[in-house]
Every structure is written in structure tokens, then in C-alpha cells.
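Working notes, structure below.
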Amino acid sequence: MKKKYNFSGGIKCLSIKEELDKYIIYHIPNPNKFYMYIQHNTFKNNMLRVRINQKVLCGEPLTFGDKSSVPIHSPTSGWIKSIELDSHSISSKKKYIKITIVSDYLNQWIRLKKINDYKLYSPKSLIKIIYQLGVVGLGGAHFSSSEKLILGINSKVHTLVVNAVESDPYITADYCLMTNCLSEIFIGCEIITWISKVTNILIVIQEDKIELISKIQSLIKNKKLFKVCILKKKYPGGSSKIIIKSLTGKDIPYGKHSIDIGYLIFNVSTIYAIKKAIINGKPLIQRIVSLYNHRNHSFKNVLIKIGTPINFLLNFLKINNSSNDIYIGGLFMKYLLMNLNQPILKDTNCISITKHTRNVKKNINYECINCGYCVQVCPVNLLPQKLYLYSKNNNHEKTKESFIMDCIECNICEQICPSNIPLVTYFKHEKFIQNQIDKENKKKKEFFYRFQLREKRILNQKKSFYQNKNDFNNTDLTNTNILNKKTNKNFINQKQIDKNIRKEILRSSIERAKLKNKNL
């Protein structure tokens, strides 16, 4: 019997009724308008490649991208209707640049550069293609895949981990993709192997996907690099921290990545996108999204373009918006959608639908009774009850010492808490404060370093000045009056020079501080 990997904590989820059309991919037509979003904090004026009323083709890049963001591409052919600042559609805490594209329904593509034999290209040139075609992590992290591959090459990783575990128990997008496009995912794995030079490929999949496991095992029979690792069906098995812990028994320290210990992890959807980018030359403009209806426990997986308004999707599937609450995310990690014009983003993998109840009874939050249930289910071995008390009392040192930054925000502790305490809300707020404290400490260190440099520079200037003065005193002058006059005159001049030097040093320090604050 094949070994099954497990992890401490977590919860087992009840099986749901399997449906015949569960793994069918439904195609959604183009809407009239697409909304493309770019985070404002990463946006620079010279990043934009289009202007209002410009004609664009499907797959045409709209931005250049930079170190912190990959280029985004037009999901359709049409016209740029508007480019504006939007701070409410997606998140009230973040500002976005919103590009509205009106479709012409012709779906005319740019000329795609296909590659038949990727082994003729160097790893760096392949990584550049992956970056230019906008591939990011589709499992939820939204991290640039090209950046991850560069880190993998520099860190000399030895194992590629294919994350085929869904991030939520009732999401089926990745399984649907594997069922329909398994051979293409294997090609994607081989491309990553060629780039990163890994010597092992571990496909991690949960135990309940029996048919898919047998299909994978039959396909990798003659492939020495590949190996299937079966994970117990528990939530949250899709987290990279949990997978590495289950496979190796090692913890990924906070601030570090699995790459630092030799493991390169990619979600199956991301691997599929890498294959499409390299072999087919297609940018990342569409993905599979699961629709889960809690009212009748029905599934549907749709292939949809990035930028499609969710309202259009619901109307096409004839889902009544007025009698339902629409959430982004699955059962555990989800948030209520307030604006149905919000588009599908690259990290949107599920839309949940629940019955709308007007008179919702508000849960009463009781005091913590130290029952310890939250400790038992925590998959990263934290003490949520202590973290809650420290967070509530603003004891930031204790929360840091208790490893609050290792919390993966899986929401299990909150779901199981008998006192209905919104634990994760406290943890998120505390993590935000910890990040602010880290930033402040980093600023202080930087300013102290600059202060030390300034002191050293002034000291060197003084040394230079006194050395020159001594040279002057040692000159052979017979007339003491002349000497006194010259000394006084030089002293006055030197005093003025020192004053000017100090002014210049102060002015340049202020400018550097302003520039540093602006960049931070």
C-alpha cells in the first residue's frame, strides 16, 4: 500500500455528492466590457502602453511591468474606453488603476511566437518569456513565476513540488484542469525542470482522487523523475508550508521560502500557464474558476477570461443575484462581494453562492474559556488562544515571540471556537502592526547607518583641516605680525568654509532622507 502523508492539526471535511458534470469545463462568451486592474502602489506612469480610444488586439500587452509586477494583457480585441483611478471596486484599503476595454467580439489575436523545442533556448530567455507573458501563481499567492524561477536557479533547488491539492475543500478548479489537460501539465513540469535543473518531481495529490491518481501513475510509469505523493484529505492541505512539512518534516521559517530549503512549489494551474506561454506563446488571459452553490451543493467549472465582470458570469448562468450572497473564495477563506461589477482576477479560483438572509442573527462573542480546541486544530502548531490574548492587549512583543507571523490564516481556529471569537481578524490586525513595526525598525537602522557615515565623513574633514593647518604653521615665517594677520585671516576664511560645508552636508542629508521616505 502506498504511503500517505499527513500533517498535525487541520480538520477532515465531509464528502460531498459527486456529480457527473463536475469536471466538465464550461466556456463563457466575451462580455461587452472587460475591467483590468493594476495596483496603484506598483504603478508608474511609464508603465502604461496604451491610451484612451486606442485599438487593441487579444493578448496585446497593456503595461510594461517592472520588478514588482508582471505585464498585463488585453483579454479581447477592442478599444480602450477609459483609464482611471479606482479605490472601491476590489478593496477599500488599496487603490487600483482601472482600464476598461470595450470588446469588438472579433477576438483578433496578436501574432503569437510559438516554440516547438524549448531546449534550444537558455533558461534565462525562457524565464524572460514567462515574465513578458504575465504568468503569476494561480493558487492564490499571485507571486511572479519568473521571480520564483530566478530564485530557484540562484538557490540551486533539487525538487519540483507540483501542488495538486485544492486550497479549499469544495473547490474543484485544479482537479478539473488535471482531468482535462494532464499531458500539458506534464510538459509544463518538464519545462520547469529544464529551467531549474531539478532532479525530482513530486506530484502531491489528496487521497480521495483515486481515478486521477491511477491515471497519473500510469502516465509516469516510464518517467524516472516523477513521483506521486498522496496526502490525507484534510484542510488546509493546499498550503505550501503544510505540504513541505508533510513531505519532509521541515518547517519553512517566517520570511523564508521553500526554495531556501531546496523545494520549488508550483500550483498545477500555474504549470499549465507556463506551458501555454512557452509552447503556444499565449499570455495569461484566462483561467478556470469553480462555482459552488451552497444551496444545492452543485459545482460548475468555467473557463473564463481575466477581467470579465462577475455580474456578467452570474447573468449568463442565470443565477439570481437578488436572492443570493456572492462570495469570492471557498468554504473557509472567503469574503463577501459588495460590488458585482468586480472582475475575475488572476487569483480568483472560486465563487461561492449562498442564500441571502435579510434578518441575520449576529453571533455573540463570548470570553475565551481556554478550551484548547483551537490549539488542537492549528496546522502550524501555534497557540491561537494565547495569540488572541496578546493581540487583544496590544502586547506586540509577546505576539512576535509566539510566532504570529507564521499564521497561514486558514480560519480553522475561528470556525471551531465555541466562544465565536473572530480570532483571525485579531491575527490579521496584529500581523499588520508587526509589519509596520518592522518597517519602522528598518527605517531606524537605515537612518542610524547614514548618521554613522555622516559622523565619519565630518571627522575625516576635520582631520584634513587640522593637518592642513599644521602644515601652514610649520612654514618658515620670520615676521610674527604677518603670521598673526595671515593666521587670523585664514582662520576667519576657514570658519566660513566650515560653516558652508556643514550647511551643504545638512542640505544633502535632508534631500537623501526625503528621497528615502519617498521610495519607502
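Just the heavy atoms: all of them, side chains too, but no hydrogens, waters or symmetry mates, feed the values below. Just so you know, residue 1 is the first one in the sequence shown, and it goes up from there.
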Checking side-chain polar atoms at under 3.5 Å, does [X] have a donor or acceptor matched by the opposite partner on [Y]?
X	Y	value
Asn53	Lys81	no
Lys334	Asn411	no
Ser82	Thr100	yes
Asn107	Ser77	no
Ser290	Asn349	no
Asn341	Lys33	no

Nearest 0.5 Å, please: how far is [atom2] in [Y] from [atom1] in [X]?
X	Y	atom1	atom2	value
Cys413	Ile11	SG	CD1	10.5 Å
Phe186	Leu225	CZ	CG	11.5 Å
Ser258	Asp260	OG	CG	8.0 Å
Thr308	Ile344	OG1	CD1	6.5 Å
Leu219	Ser183	CG	OG	8.0 Å
Ile216	Ile220	CD1	CD1	7.5 Å

Taking the six-membered ring for Trp and the single ring otherwise, decide whether the centroids of Tyr263 and His158 are under 6.0 Å apart.
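Under 6.0 Å, so yes.
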Are Phe299 and Tyr170 close enough that their ring centers fall under 6.0 Å?
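Not close enough - the centres of the two rings lie 6.0 Å or further apart.
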Kindly give the heavy-atom pair with the smallest separation between [X] and [Y], and that separation in Å.
X	Y	answer
Ile83	Val50	CD1-O, 3.9 Å
Ala273	Leu284	CB-CD1, 4.0 Å
Met405	Asn435	CE-OD1, 3.4 Å
Leu231	Gly237	CD2-O, 3.8 Å
Ala277	Val135	CB-CG2, 4.0 Å
Gly9	Lys234	O-NZ, 2.8 Å

Quick one: is the NZ or CZ of [X] closer than 6.0 Å to the six-membered ring centre of [Y], and within 45° of its axis?
X	Y	value
Lys232	Tyr5	no
Lys245	Phe7	no
Lys148	Phe266	yes
Lys98	Tyr37	no
Lys12	Tyr235	no

Is any NZ, NE, NH1 or NH2 atom of the basic residue among [X] and [Y] found under 4.0 Å from an Asp or Glu carboxylate oxygen of the other?
X	Y	value
Glu184	Lys276	yes
Lys431	Glu409	yes
Lys4	Glu207	yes

Say whether, by atom type as modelled, one donor and one acceptor occur between the side chain of [X] and the main chain of [Y] under 3.5 angstrom.
X	Y	value
Asn200	Phe226	no
Glu60	Leu57	yes
His73	Gln132	yes
Asn280	Lys282	no
Gln108	Cys58	no
Gln206	Ile230	no

Quick one: which of Asn180, Thr179, Asp174 gives a side chain to side chain contact (heavy atoms under 4.5 Å, CB included) with Cys176?
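Result for side chain to side chain contact (heavy atoms under 4.5 Å, CB included) with Cys176: Asn180.
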Given Ile326, which partner from the list Leu314, Leu313, Leu336 fulfils the side chain to side chain contact (heavy atoms under 4.5 Å, CB included) test?
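Among the candidates, only Leu314 passes.
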Could you give me the CA-CA distance, side-chain angles and deciding distance for Asp325 and Tyr327, then say whether side chain to side chain contact (heavy atoms under 4.5 Å, CB included) is met?
CA-CA 7 Å; Asp325 284 335; Tyr327 293 86; 3.8 Å; yes
Going through the distances and angles, do Ile192 and Leu149 end up as a side chain to side chain contact (heavy atoms under 4.5 Å, CB included)?
CA-CA 8 Å; Ile192 296 171; Leu149 285 167; 4.0 Å; yes
Run the side chain to side chain contact (heavy atoms under 4.5 Å, CB included) test on Ile279 and Ile191 for me, step by step, so that the C-alpha distance in whole Å, both residues' side-chain angles and the decisive distance to 0.1 Å come before the verdict.
CA-CA 9 Å; Ile279 305 297; Ile191 292 170; 3.9 Å; yes
Would you say the side chain of [Y] lies within less than 4.5 Å of the side chain of [X], judging by non-hydrogen atoms?
X	Y	result
Ile28	Phe312	yes
Ile412	Pro236	yes
Pro343	Ile306	no

Relative to the ring of Trp194, is the ring of Tyr118 parallel (under 30°), tilted (30 to 60°) or perpendicular (over 60°)?
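Aromatic pair Tyr118/Trp194 classed perpendicular.
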Is Lys156 atom NZ crowded by more than 12 heavy atoms from other residues, nucleotides or ligands, each under 6.0 Å away?
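Counting neighbours around NZ of Lys156, 12 or fewer heavy atoms of other residues, nucleotides or ligands fall under 6.0 Å, so no.
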Pairs meeting criterion salt bridge (Lys or Arg N to Asp or Glu O under 4.0 Å) with involvement of residues 101-124, two or more places apart
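Every salt bridge (Lys or Arg N to Asp or Glu O under 4.0 Å) pair that includes a residue of residues 101-124, provided the two are not neighbours, is Lys55-Asp104.
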Could you name each residue pair satisfying salt bridge (Lys or Arg N to Asp or Glu O under 4.0 Å) that touches residues 308-318, not counting sequence neighbours?
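Checked against salt bridge (Lys or Arg N to Asp or Glu O under 4.0 Å) - neighbours excluded - no pair reaches residues 308-318.
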Show, in sequence, the C-alpha distance, side-chain angles and deciding distance for Tyr96 and Gln39, and conclude whether the side chain to side chain contact (heavy atoms under 4.5 Å, CB included) test is met.
CA-CA 5 Å; Tyr96 290 86; Gln39 275 197 31; 3.5 Å; yes
Starting from the C-alpha separation in whole Å, work towards a yes-or-no answer on salt bridge (charged side-chain N to carboxylate O under 4.0 Å, His left out) for Lys241 and Asp251.
CA-CA 7 Å; Lys241 279 189 177 182; Asp251 286 311; over 6 Å; no
